[in-house]
Amino acid sequence: MNALPDSFYVRSDVTRIAKDLVGKVLVSTINGQTTSGLIVETEAYSYQERGCHAFNSRMTERNQVMFGAGGHAYVYLCYGVHHLFNVVTNVPGKAEAVLIRALQPLTGEPVMMTRMNAVNQSRITSGPGKLTKALGIDRTLNGATLRSSELWIEMGEQVPLKSIVVTTRIGIDYAGKDARLPWRFYWRGNEWISRP
DNA sequence: TAGAGGATTGAT
DNA sequence: TCAATCCTCTAC
């Protein structure tokens with residue numbers, strides 16, 4: 001394991017971290033089975049905007065992990081069906097996080113395909129709800145450090161800024177004008193992004 | 001304590 | 001276009 005240091009996560013610019021995470025490698029070892037993938041799509045969330053569960057620094061039982069130190073996992077259940085994985089950033093008290101929306105599989109593809117009940121590996125990690133299932137991530141990892149033996153993020157490829165597309169986030173129409181913030185980032189031309 | 005709705009997905 | 005599915009949050 002060669003996990004990114006806490007200093008990577010404990011920074012004050014969540015959009016910068018979201019951009020920096022594109023090209024990094026997310027690794028899980030669950031029940032002795034290792035799976036990993038290149039991060040190709042992310043979204044940033046901050047207590048300062050309405051798209052975020054912690055808007056206005058409102059802390060609840062669900063989102064309290066976001067109020068802790070950067071470098072931990074925030075995992076929650078969406079629509080009662082899908083687990084979504086976020087990376088908590090910034091210092092304690094400043095609730096910010098980066099949602100990992102899509103991966104390009106690197107290792108453990110057979111394990112992922114089994115978990116996904118898939119006959120081929122096409123698009124098995126192209127979406128926030130899919131990649132958590134493929135990597136075996138669920139709410140038992142909520143609050144876990146990203147320097148644990150089960151879940152961590154490593155250096156991957158250096159992605160030039162011009163290869164990162166900046167656009168608006170998906171599925172947060174309820175956020176009003178904040179839904180138009182250019183806080184979604186993805187690797188230009190990568191076939192594993194969740195949608196164009 | 002009841003009721004509404006969601007940072008999605010896959011099938012119709 | 002729509003149902004699945006259940007946890008969380010809000011209002012009463």
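Labels below follow one simple rule: chain letters A, B, ... track the order of the sequence lines, proteins then strands, and each chain is numbered from 1. Since this is a predicted model, take the numbers as computed values, not measurements.
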* **Length of the line joining R62(A):CZ and dG5(B):P, which is rounded to integer Å** => 15 Å
* To do: Name the closest nucleotide to the L77(A) side chain, picking from dT5(C), dC7(C), dT9(B).
  => dC7(C)
* For G171(A), answer base if it contacts any base atom (sugar-phosphate contacts may also be present), sugar-phosphate if it contacts only those atoms, and nothing otherwise; contact means non-hydrogen atoms under 4.0 Å. => sugar-phosphate
* To do: Please state whether the phosphate of dT10(C), meaning OP1 or OP2, lies under 4.0 angstrom from any side-chain nitrogen or oxygen of R58(A).
  => yes
* Asked: When hydrophobic residues are tied together by side-chain contacts of less than 4.5 Å, even through go-betweens, does V87(A) share a cluster with F8(A)?
  -> yes
* To do: Would you mind classifying the nucleic acid contact of R123(A) as base, sugar-phosphate or nothing, using non-hydrogen atoms under 4.0 angstrom?
  => nothing
* To the nearest Å, give me how far apart CD1 (I124(A)) and P (dT9(B)) are. => 14 Å
* To do: Please name the pair of heavy atoms, one in A97(A) and one in V14(A), separated by the smallest distance, quoted to 0.1 Å.
  => O-CG2, 3.6 Å
* Provide, to the nearest angstrom, the distance between the NE2 atom belonging to H83(A) and the C1' atom belonging to dT5(C). => 12 Å
* To do: Quick one: closest heavy-atom pair of I170(A) and R184(A), and the distance?
  => CD1-CZ, 3.5 Å
* Asked: Going by 5.5 Å between centroids and 30° between planes, is there a stack of Y45(A) over dA7(B)?
  -> yes
* To do: Rounded off to whole Å, could you give me the CD-to-C1' distance for the Q64(A) and dT8(C) pair?
  => 13 Å
* Asked: How long is the line joining OH of Y79(A) and P of dA4(B), in whole Å?
  -> 17 Å
* Would you indicate which nucleotide in dA7(B), dT9(B), dC7(C) comes nearest to any side-chain atom of R139(A)? => dC7(C)
* Structure fact -> In whole angstroms, the gap separating P of dA7(B) from CG of L99(A) amounts to 10 Å
* **G-U wobble or Watson-Crick pairing nucleotide for dT5(C) (cut-off 3.5 Å, both distances)** => none
* Would the Y9(A) and H72(A) ring centres measure less than 6.0 Å apart? -> no
* Flag yes if M155(A) and I17(A) sit in one hydrophobic cluster, no otherwise; membership is Ile, Leu, Val, Met, Phe, Trp, Tyr, and two members link when side-chain heavy atoms are under 4.5 Å apart. => yes
* **Listed nucleotide nearest any side-chain atom of C78(A), set dT8(C), dA7(B), dG10(B)** => dA7(B)
* Asked: How far, in whole Å, is dG5(B) from dC2(C) if one measures between their C1' atoms?
  -> 16 Å
* Asked: Could you give the CZ-to-C1' distance, from R195(A) to dG10(B), as a whole number of Å?
  -> 12 Å
* Asked: When all nucleic acid strands are considered with a 4.0 Å heavy-atom cut-off, which category describes R101(A): base, sugar-phosphate, or nothing?
  -> sugar-phosphate
* Out of dT8(B), dG6(B), dT5(C), whichever nucleotide has its closest atom nearest the side chain of Y174(A) -> dG6(B)
* Hey, does the side chain of S46(A) reach the backbone of Q48(A) with a donor-acceptor pair shorter than 3.5 angstrom? -> yes
* Whole-Å distance between dA7(B) P and Y76(A) OH? -> 5 Å
* To do: Starting from the 5' end of DNA chain C, give me the residue, G80(A) or N63(A), whose nearest nucleotide shows up first.
  => G80(A)
* Asked: Which nucleotide, dT9(B), dA7(B), dC7(C), lies nearest any side-chain atom of K130(A)?
  -> dT9(B)
